[in-house]
Chemist: 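Here you go, one structure.
Atoms within a ligand are numbered from 1 in the order they appear, just like the ligands themselves.
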Amino acid sequence: MNWLSDPALAPIAQKVESGQRLNFEEGMQLFRTRDLNTLMRLANLRKTALHGDKVYFVHSMRLEFTNICYVGCTFCAFAAHKNEARAWDYTPEEVVAQVGRRYLPGITELHMSSGHHPNHKWEYYPAMVRALRESYPDLQVKAFTAAEIEHLSRISKKPTLDVLRELQAAGLSAMPGGGAEIFADRVRKQVAKNKVKAEKWLQIHSEAHSLGMRTNATMLYGHIETLEERLDHMHRLRELQDDSMARHGGGFHAFIPLAFQPLGNTLAQNLGKTEYTTGLDDLRNLAVARIYLDNFPHIKGYWVMIGSELTQVSLDWGVSDIDGTIQEEHIAHAAGATSPMKLSEQGMIRMIQHAGRLPVLRDAYYNELETFPAQHEAAD
Ligand code: V47
């Protein structure tokens with residue numbers, strides 16, 4: 001049976017079936033089509049060609065060492081002024097103690113990103129990474145967005161490449177994908193005008209790749225951006241990934257769309273952007289990303305921002321990674337995320353199994369630690 005109902009998708013389907021790359025206009029057709037069934041099938045085809053039935057997750061911990069931040073991104077409800085009662089700011093020793101408080105056996109990844117603190121000296125950052133590695137040598141530290149690295153370059157007066165090198169020497173394993181927001185200037189000026197510029201964000205990731213570090217890339221969508229601006233964002237990432245793969249043998253592990261959470265931030269209040277993204281927008285976005293970003297190993301469905309139910313559905317829409325158990329998350333929850341603060345390992349396994357997929361526990365480097373049996377029925 002031929003399921004295709006949008007004739008414009010016929011040449012695109014042929015390209016996807018034969019593993020060819022889509023051009024920008026074809027990417028836009030995917031964003032515009034109402035033939036969601038074909039979109040889903042094409043995304044699933046690309047995902048299956050890469051990973052079969054496997055879906056990856058990590059036993060992880062999230063830690064934000066401070067919420068004090070001077071940058072003023074309009075989508076952010078997490079940042080606090082240092083005099084506010086809700087502000088926190090941990091010393092390296094307190095960071096280690098916080099990790100101890102959240103620690104569970106088997107956790108391999110510690111994901112940290114935080115505010116741009118106005119007063120910390122450069123030395124604070126490598127000292128924190130070193131203290132963590134000394135107390136928890138088995139934890140892989142994935143920390144500091146490109147925006148934070150640029151901030152560290154400014155306060156240390158060191159080039160960003162040296163900042164990365166020194167953090168890597170202190171024990172930094174990988175970088176998260178935050179701070180990318182939307183690259184297009186028109187949007188960036190309105191949502192993150194004091195933050196790292198798009199070109200610099202990309203340069204910092206390129207530098208990290210040159211040091212053999214693997215990184216992620218995010219895209220904050222569902223606010224004032226157009227669909228063209230979403231695809232432009234993906235396009236710039238695809239170009240950098242081509243370059244990093246050619247020059248350094250690899251670069252980005254995963255692309256993670258971040259659905260805008262609309263509470264308690266000025267973007268929501270001033271521009272009336274008070275609605276959550278819709279389920280089909282989330283799924284479409286993931287599917288387009290899977291098809292367009294043909295050189296990215298993984299597209300992540302981020303259960304914190306789209307909920308675990310939709311994340312489970314997204315496993316048919318190109319998603320091959322569902323992030324981790326997390327323990328405690330504050331950035332999305334400050335802005336109205338309705339998901340729980342954490343998931344259990346068992347809960348993540350069940351979510352994947354009940355979607356008829358094969359759960360694979362990974363670490364921050366995507367080493368496969370354990371594979372769980374597939375289970376095609378929704379019963380334990
Ligand atoms: O950098 C902030 C975004 C990011 C809101 O690399 C918001 O594996 C939606 O980067 N609505 C932090 N998004 C989270 C992040 C991340 C998450 C999961 C996995 C990985 C990874 C990285 O959250 C920030 C910013 O882009 N953000 N406020 C909001 N209201």
Chemist: For ligand 1, does Ala259 get within less than 4.0 Å through its side chain, its backbone, both, or neither, judged by non-hydrogen atoms?
Modeler: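 For Ala259, the contact with ligand 1 is made by the backbone alone.
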Chemist: Give yes or no for whether the N/O distance cutoff of 3.5 Å, strictly under, is met between Glu181 and ligand 1.
Modeler: yes
Chemist: Work out whether the distance between some heavy atom of Gly179 and some atom of ligand 1 is less than 4.0 Å.
Modeler: yes
Chemist: Give me the ring orientation class for His253 and Tyr366: parallel if the planes are under 30° apart, tilted from 30 to 60°, perpendicular past 60°.
Modeler: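 Geometry flag for Tyr366 against His253: tilted rings.
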Chemist: With heavy atoms of Ala335 as the reference, note each atom of ligand 1 found under 4.0 Å away.
Modeler: 30 (N)
Chemist: Considering both backbone and side-chain atoms of Gly177, is one of its nitrogen or oxygen atoms within less than 3.5 Å of a nitrogen or oxygen in ligand 1?
Modeler: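 Yes; at least one N/O pair falls below 3.5 Å.
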Chemist: Please state whether the rings of Tyr56 and His51 are parallel, tilted or perpendicular, taking 30° and 60° as the class boundaries.
Modeler: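 Correct class here is perpendicular.
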Chemist: Can you say whether the rings of Trp201 and Phe252 are parallel (under 30°), tilted (30 to 60°) or perpendicular (over 60°)?
Modeler: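 Trp201 and Phe252: parallel rings.
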Chemist: Any side-chain donor paired with an acceptor under 3.5 Å for His248 and Ser210?
Modeler: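 No, Ser210 and His248 have no side-chain donor paired with an acceptor closer than 3.5 Å.
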Chemist: Decide whether the shortest distance between a heavy atom of Thr145 and an atom of ligand 1 is less than 4.0 Å.
Modeler: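 Heavy atoms of Thr145 never come under 4.0 Å of ligand 1.
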Chemist: Who's the nearest protein heavy-atom neighbour of atom 22 (C) of ligand 1, and how far?
Modeler: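 Nearest neighbour among protein heavy atoms for atom 22 (C) of ligand 1, to 0.1 Å: His111 CE1, 3.5 Å.
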Chemist: Below 3.5 Å, N or O to N or O, backbone or side chain included: is there any such pair between Tyr302 and ligand 1?
Modeler: no
Chemist: Just need the protein heavy atom nearest to atom 3 (C) of ligand 1, so name the residue and atom and give the distance.
Modeler: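 Its nearest protein heavy-atom neighbour is Leu258 CD1, 3.7 Å.
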Chemist: Taking 4.0 angstrom as the limit and counting only heavy atoms of Asp323, give me the atoms of ligand 1 inside it, by number and element.
Modeler: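 Within the 4.0 Å cut-off of Asp323, ligand 1 contributes 8 (O), 19 (C).
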Chemist: So is Met175 touching ligand 1 or not, going by heavy atoms under 4.0 Å?
Modeler: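 Heavy atoms of Met175 never come under 4.0 Å of ligand 1.
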Chemist: Would you call the rings of Phe144 and Tyr125 parallel, tilted or perpendicular if under 30° counts as parallel and over 60° as perpendicular?
Modeler: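 Answer is perpendicular, since the angle exceeds 60°.
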Chemist: For atom 28 (N) of ligand 1, find the nearest protein heavy atom and state the residue, atom name and distance (0.1 Å precision).
Modeler: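 Ranking protein heavy atoms by distance from atom 28 (N) of ligand 1, first comes Phe75 CD1, 3.4 Å.
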Chemist: Would one find an N or O of Ile256, backbone or side chain, under 3.5 Å from an N or O of ligand 1?
Modeler: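 By distance alone, the answer is no.
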Chemist: For Thr218, take its heavy atoms, then give the atoms of ligand 1 lying under 4.0 Å from any of them.
Modeler: 10 (O), 22 (C)
Chemist: Atoms of ligand 1 less than 4.0 Å from Pro176 heavy atoms?
Modeler: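 In order of number, 6 (O).
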Chemist: For ligand 1, is any non-hydrogen atom under 4.0 Å from Asn265's backbone (N, CA, C, O), its side chain (CB onward), both, or neither?
Modeler: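 Within the 4.0 Å criterion, Asn265 contacts ligand 1 through side-chain atoms alone.
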Chemist: Looking at ligand 1, does any of its N/O atoms fall within less than 3.5 Å of an N/O of Arg62?
Modeler: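 No: no nitrogen or oxygen of Arg62 is under 3.5 Å from one in ligand 1.
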Chemist: What residue and heavy atom of the protein are closest to atom 10 (O) of ligand 1, and at what distance?
Modeler: Gly178 CA, 3.1 Å
